[in-house]
Amino acid sequence: MRLRKKKNLENRILDCGDILAIYEQYDFYKLQEEEKFRLIETGKVFGNNNPTFLEIGCGKGGFITEMATLHPEINFLAAERISNVLICAMEKALQLGLQNVKFLNCDAANLCYYIKANSISRIFLNFSCPWPKQKYANQRLTNPRFLSIYQKLLTKDGDIIQKTDSPQMFEYSVEQLSQFGFGLFDISCDLHNSKIENEVMTEYEKYFSGIGKPIFRLAAKLND
């Protein structure tokens with residue numbers, strides 16, 4: 001279902017300028033390669049050298065704002081391609097007065113143009129679209145073309161945490177991460193009935209678990 005464009009969207013986005021680190025517009029794709037880079041200096045953006053966690057596909061921001069509230073000692077970046085959705089997350093963060101979260105309105109495929117290599121300690125992939133048809137497999141956020149991006153962004157000891165309600169997406173992710181050279185740990189096919197810590201639930205997670213669907217979860221770290 002197509003989302004109706006929110007009223008005064010452009011002005012509302014501009015009002016979030018203090019927490020919007022990257023605003024990727026259509027002319028990005030007309031730029032020369034060297035013109036596309038706008039690398040974020042996390043030390044300058046956040047005013048500290050705390051570890052930085054990244055959520056890719058933050059949606060309306062329920063997860064990232066709760067995590068930022070619980071962990072003021074961590075910096076959070078939240079990426080979301082759809083402005084119409086991201087505005088909800090940004091306005092929520094502003095309302096809460098959060099100082100340790102910034103947003104990127106961009107395509108996940110372009111993250112290396114905005115985030116420095118080896119600067120992210122953890123990547124969250126929460127209920128990413130499973131793109132069930134095989135012809136769209138390269139759109140899945142655990143496809144090798146995205147894993148190569150994560151490999152560049154992560155610190156030496158950085159990890160990925162994925163949660164999904166899709167068994168097909170989970171199986172695909174396990175296979176692709178393993179083949180790419182990630183070691184898997186803390187794997188569960190029913191997270192809420194496991195002993196794995198699950199500090200914050202996303203909006204989708206609350207809904208799917210509420211109707212009795214199991215939640216799949218894994219953690220992955222690049223092998224030495």
Side-chain angles (χ1 to χ4, degrees), residues 1-42 44-46 52-61 63-64 75-94 101-120 122-154 158 160 162 164 169 172-173 176-177 180:
M1 184 176 66
R2 189 172 181 177
L3 291 173
R4 179 180 297 176
K5 185 176 180 180
K6 291 183 168 55
K7 292 182 179 180
N8 302 315
L9 179 61
E10 294 298 325
N11 288 332
R12 290 166 67 183
I13 289 173
L14 292 174
D15 288 341
C16 296
D18 288 345
I19 59 171
L20 181 58
I22 295 294
Y23 186 23
E24 183 179 274
Q25 296 178 296
Y26 294 113
D27 61 358
F28 170 87
Y29 296 96
K30 299 178 182 178
L31 299 174
Q32 297 297 317
E33 181 68 11
E34 64 275 9
E35 296 175 322
K36 293 179 178 180
F37 287 90
R38 292 176 53 196
L39 294 172
I40 295 169
E41 294 277 359
T42 54
K44 292 181 179 178
V45 168
F46 291 104
T52 302
F53 291 3
L54 167 67
E55 183 183 15
I56 301 177
C58 70
K60 295 181 179 179
F63 175 84
I64 204 71
N75 299 326
F76 292 91
L77 292 174
E80 173 59 54
R81 180 176 60 85
I82 303 173
S83 306
N84 209 38
V85 174
L86 181 63
I87 189 62
C88 299
M90 293 194 295
E91 290 178 343
K92 184 178 296 184
L94 285 174
V101 59
K102 305 292 181 183
F103 295 89
L104 296 84
N105 190 183
C106 70
D107 193 303
N110 299 329
L111 284 168
C112 284
Y113 291 112
Y114 307 125
I115 301 175
K116 283 190 171 184
N118 310 123
S119 64
I120 300 298
R122 175 165 292 169
I123 293 173
F124 296 105
L125 302 175
N126 290 322
F127 298 87
S128 312
C129 180
W131 295 98
K133 293 184 179 180
Q134 184 57 34
K135 65 179 180 179
Y136 297 124
N138 68 345
Q139 299 296 318
R140 297 170 189 161
L141 289 184
T142 48
N143 182 269
R145 79 183 185 105
F146 289 104
L147 297 184
S148 65
I149 293 172
Y150 310 154
Q151 181 184 40
K152 293 174 184 175
L153 297 183
L154 285 168
I160 296 170
Q162 180 192 36
T164 180
M169 178 65 169
Y172 175 85
S173 298
Q176 297 301 318
L177 284 159
F180 200 86

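Being a predicted model, the structure only gives us computed values, none of them experimental.
- The two residues P144 and F180 come nearest to each other via the heavy atoms O-CE1, 3.9 Å.
- Counting only N and O atoms by type, the side chains of N110 and Y29 include a donor and acceptor under 3.5 Å apart.
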Exercise for the section: Go through I160 and L154 one step at a time and tell me if the side-chain contact (heavy atoms from CB on, under 4.5 Å) criterion holds. Expected result: CA-CA 9 Å; I160 296 170; L154 285 168; 4.0 Å; yes
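- Heavy-atom minimum distance, L111 versus C106: CD2-SG, 3.9 Å.
- Across all their heavy atoms, I123 and I120 have their closest contact at CG1-CG2, 3.8 Å.
- Taking the side chain as every heavy atom from C-beta outward, L177 and L147 approach each other to under 4.5 Å.
- A pairwise comparison of heavy atoms in L141 and F146 identifies O-CB, 3.5 Å as the closest pair.
- A heavy-atom distance below 4.5 Å is found between the side chains of N143 and Y172.
- Shortest non-hydrogen contact noted between A109 and I149 is O-CD1, 3.6 Å.
- Put simply, the side chain of R38 never gets that close to the backbone of Y114: no donor and acceptor are under 3.5 Å apart.
- In this structure the side chain of S128 never reaches within 4.5 angstrom of the side chain of I56, judged on heavy atoms.
- R140 places a side-chain N or O within 3.5 Å of a backbone atom of W131 that can act as its donor or acceptor partner.
- Between the side chains of Y113 and E24, not a single donor N or O lies within less than 3.5 Å of an accepting N or O.
- Side-chain atoms of K102 come within 3.5 Å of backbone N or O of D18 as a donor-acceptor pair.
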Handout entry: Worked check of side-chain contact (heavy atoms from CB on, under 4.5 Å) between I13 and S83
Key = CA-CA 8 Å; I13 289 173; S83 306; 3.8 Å; yes
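- E80 and K60 are not joined by a salt bridge, as no carboxylate oxygen comes within less than 4.0 angstrom of a charged side-chain nitrogen.
- K152 NZ: 12 or fewer foreign heavy atoms inside a 6.0 Å radius.
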Practice task
Would you check, one step at a time, whether the test side-chain contact (heavy atoms from CB on, under 4.5 Å) holds for C58 with F124?
Solution key: CA-CA 9 Å; C58 70; F124 296 105; over 6 Å; no
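- When the shell of 6.0 Å around CZ of R81 is examined, it contains 12 or fewer heavy atoms from other residues, nucleotides or ligands.
- Considering only heavy atoms from C-beta on, L77 comes within 4.5 Å of F46 through its side chain.
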